[in-house]
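Contents: one structure, followed by commentary.
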Amino acid sequence: MEKILILDFGSQTTALIGRRIREFGVYTEIIPGDTPLTDSTIEKLENIKGVILSGSPESVYADGAAVDRRVYDWGLPLLGICYGLQRMTADLGGLVEPLPKREYGGVEVCIENKSLKTKNWEKAERFLNSFNSEVSLTDIINNTLSRPSSKPCPQTFIAWFSHGDTLTRLAPGFRQIGTSATGFPAVAVHEEKPWFGVQFHPEVSHCQRGAEILAAFVFGVCNAVRDWTMEHYVEEVRTDLSQRIGANQVLLLISGGVDSTVAGALLLKTLPAEQVHLMYVDTGLMRKDETASVKKALERLGAKQVHIVHAEDEFLAALKGKEDPEIKRKTIGDLFITVQEREVAKLGLPDTYFLVQGTLYTDLIESGKGVGKKAHVIKSHHNVSSPLVDSKRKAGRIIEPLDRLYKDEVRKLGRLLDVDEQVLRRHPFPGPGLAIRILGEVTKEKCGILREADAVFIEELKRRGFYDEIWQAFAVLLSVRSVGVAGDSRKYGYVLALRAITSSDGMTADVFPFPSKDLLEISTLITNTTPEIGRVTYDVSSKPPATIEWE
């Protein structure tokens, strides 16, 4: 199978590059950017059609990961994205320096009218097709255009920038063909070799012509073949699971959300049901009626070993007095594994059992656990950064079959595995549950208040036809109270924040544009049905700069 190799230097959106290309039907493989490209490594990485150098939170002149320079001797097409282009520039004789002011967010890029009549002209002009608004993504994928159309240059579009460095001198052989509105290089092409670079992130949905740019590299430059599908992914993962697990028992911690349910379906489609143990821990931090709905969904999947653990008192006791979000997450993560180990001991499973988790790639990269070692921590995930989980990971007893997928891809996988559509359509729910949607200390009373208010919010979204338009919606109980009026009496109630966002992958998000009438009616319904709530607000922050969850 042909593939595009991605060298990961720690960008939060590296896997998003791979996901975009997989959507085209081309397989991608991601490895750490500083991987030694020995003969044995190269032999394993067969059928590579091109290489993409990802972005990074580092600087090339500081502690940025250095690529094995043999990548420049392969003779393969290269595409440097942000840090990736800076890495190429620094390695090949150019100069990268700090910007006087960071370029961030949507920035206009102008593509200049330059002809490249060199050895690389044909592939370069195919790459240039991607910047032309007259050229469709379909034309680029089908490789039906070999030269730019007749639309006059220059072409301008809005790209998504996120860097504090710039190219002050291009490496020999490179030509600047795109400039940002701030006057710095934005697109560069090598005159002799099929090497290209952009100083923005085409993989991010906010970047205009982003999909076209990636497609032009994959098909116009690399001439890759579309031969990868989700069906192929299922075959590969099931084969890997069978070989690695063998006859050993497996335990999957089920949360009731999309990820763990799909992971459970994958196990049940691969292994005998008697070999698969599904454990659901009711932490007391779950959504309304969660336990009953989870049990029903698991039984439909054919599970025979379902273990329901009621541990609300333990979790609330462990969280008492804790207000810091990271401390709450780690407390829950550690206790989660402690409870799991205790309950597993009761089951009498052998020491050789495998712990399976529904961890997604977004969980790993936000926790700084991406492919390489250069990613920065955005927030801890209870099933990623817990010390106990780390120890099990080091022992090789953790399996995460979804760790290279994004949420929308998990839903596609779930449909192939016949998971109930009602489960697949559920909005994401964090592992720590309501604990990170209650700002400050978590108590049983606050959980009850938030659980009821959140249920009203979600039910109203479904009733009004908004639920499926929204990526994720939930309520947050703030740590402050506000004065209000109930009848003729003064009321001192909690403040509730509503959050509803749209997204395609969870890496970036926009605020859902509620009609004012509906938002006002939902607010009124919440304060009328949940007397402890005295005031409702609506969060209008996008990601970035905010995260989706409040904690």
Side-chain angles (χ1 to χ4, degrees), residues 2 4-6 17 20-21 23-26 48-53 71-72 74-82 84-85 88-89 92 94 108-160 167 170-181 184-203 207-226:
E2 294 186 348
I4 300 296
L5 179 66
I6 301 174
I17 303 170
R20 299 292 185 221
I21 296 173
E23 287 179 339
F24 301 149
V26 177
I48 299 173
K49 300 294 290 183
V51 181
I52 295 177
L53 287 71
V71 72
Y72 303 119
W74 272 359
L76 291 172
L78 303 179
L79 173 62
I81 292 177
C82 197
L85 175 56
M88 294 168 65
T89 299
L92 299 170
E108 186 178 69
V109 171
C110 177
I111 302 298
E112 303 167 32
N113 188 11
K114 288 186 177 180
S115 179
L116 296 171
K117 298 299 182 181
T118 65
K119 292 181 181 179
N120 191 35
W121 75 268
E122 185 175 359
K123 289 185 176 181
E125 290 197 336
R126 286 180 179 175
F127 184 71
L128 293 178
N129 280 327
S130 64
F131 301 107
N132 197 315
S133 59
E134 286 188 349
V135 178
S136 70
L137 178 61
T138 300
D139 286 334
I140 294 173
I141 290 176
N142 293 333
N143 220 351
T144 55
L145 293 169
S146 59
R147 300 174 64 86
S149 72
S150 59
K151 187 177 178 67
C153 283
Q155 297 282 307
T156 60
F157 63 99
I158 301 299
W160 189 260
L167 316 177
L170 294 179
F174 279 90
R175 292 182 66 182
Q176 178 178 334
I177 63 167
T179 306
S180 71
F184 295 101
V187 184
V189 174
H190 198 281
E191 294 182 312
E192 303 292 330
K193 300 179 180 181
W195 295 351
F196 307 85
V198 295
Q199 276 292 271
F200 50 85
H201 290 272
E203 70 273 20
C207 182
Q208 293 179 356
R209 307 297 296 176
E212 288 81 0
I213 292 167
L214 291 174
F217 177 73
V218 171
F219 299 106
V221 177
C222 300
N223 294 315
V225 175
R226 305 173 68 189

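A quick note: this is a predicted structure, and the numbers were derived from the prediction, not measured. Excluded from the calculations below are hydrogen atoms, water molecules and symmetry mates; all remaining heavy atoms, backbone and side chain alike, are included.
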Testing the basics here: between Pro194 and Val221, what is the closest heavy-atom pair and its distance to 0.1 Å?
CB-CG1, 4.2 Å

Identify the two heavy atoms, one from Gln155 and one from Phe131, that lie closest to each other, and give their separation to 0.1 Å.
OE1-O, 3.3 Å

Would a distance-only check, ignoring hydrogens and angles, find a side-chain to backbone donor-acceptor pair under 3.5 Å from Arg226 to Val26?
no

Matching residue for Ile81 among Leu53, Ile17, Ile213, Ile6 - test: side-chain contact (heavy atoms from CB on, under 4.5 Å):
Ile17

Please assess Gln199 against Ser180 for the test side chain to side chain donor-acceptor pair (under 3.5 Å), listing each intermediate value before the final yes or no.
CA-CA 9 Å; Gln199 276 292 271; Ser180 71; over 6 Å; no

Measure from the side-chain N and O atoms of His201 to the backbone N and O of Glu203, and report whether any donor-acceptor pair falls under 3.5 Å.
no

Where do Thr179 and Gln176 come nearest, in terms of heavy atoms and distance?
OG1-NE2, 2.8 Å

Run the side chain to side chain contact (heavy atoms under 4.5 Å, CB included) check on Arg126 and Phe219 step by step: do they pass?
CA-CA 9 Å; Arg126 286 180 179 175; Phe219 299 106; over 6 Å; no

How would you list, by chain and number, every residue that makes a ring pair (Phe, Tyr, Trp, His ring centres under 6.0 Å) with Phe196, sequence neighbours excluded?
Phe127

Side chain Asp139, main chain Val135, donor-acceptor under 3.5 Å
no

Please report the closest heavy-atom contact between Asn223 and Glu2, naming both atoms and the distance.
O-OE1, 4.1 Å

Spacing of CD belonging to Glu125 relative to CG belonging to Asn132, to within rounding of 0.5 Å:
11.5 Å

Any chance you could measure Cys222, atom SG, to Leu76, atom CG, to the nearest 0.5 Å?
8.0 Å

Please check if the side chain of Gln208 supplies one atom and the backbone of Ile158 the other of a donor-acceptor pair under 3.5 Å.
yes

Rounded to the nearest 0.5 Å, the SG atom of Cys82 sits from the CZ atom of Phe200 at a distance of 10.0 Å

Please report the shortest heavy-atom distance between Pro202 and Cys207, naming the atom on each side.
CA-SG, 3.9 Å

Using side-chain heavy atoms (C-beta onward) and a distance below 4.5 Å, is Val109 in contact with Val198?
no

So which atom in Phe217 and which in Val51 form the shortest heavy-atom distance, rounded to 0.1 Å?
CZ-O, 3.7 Å

Mind checking what makes side-chain contact (heavy atoms from CB on, under 4.5 Å) contact with Thr89, not counting sequence neighbours?
Leu85, Val96, Leu167

Please determine if Glu191 and Arg175 form a salt bridge, counting it only when a charged side-chain N lies under 4.0 Å from a carboxylate O.
yes

Measuring from Ile48:CD1 to Leu5:CG, what's the distance to the nearest 0.5 Å?
4.5 Å

Please answer whether the main-chain N or O of Ser130 pairs with a side-chain N or O of Arg209 as donor and acceptor at a distance below 3.5 Å.
yes

Looking at side-chain heavy atoms only, is the closest gap between Ile4 and Val218 below 4.5 Å?
yes

Can you tell if the side chain of Leu79 reaches within under 4.5 Å of the side chain of Trp195, non-hydrogen atoms only?
no

If I take atom CD1 from residue Ile140 and atom CD from residue Glu212, how far apart are they, to the nearest 0.5 angstrom?
5.5 Å

Run the salt bridge (charged side-chain N to carboxylate O under 4.0 Å, His left out) test against Glu108 and tell me which residues pass, sequence neighbours left out.
none

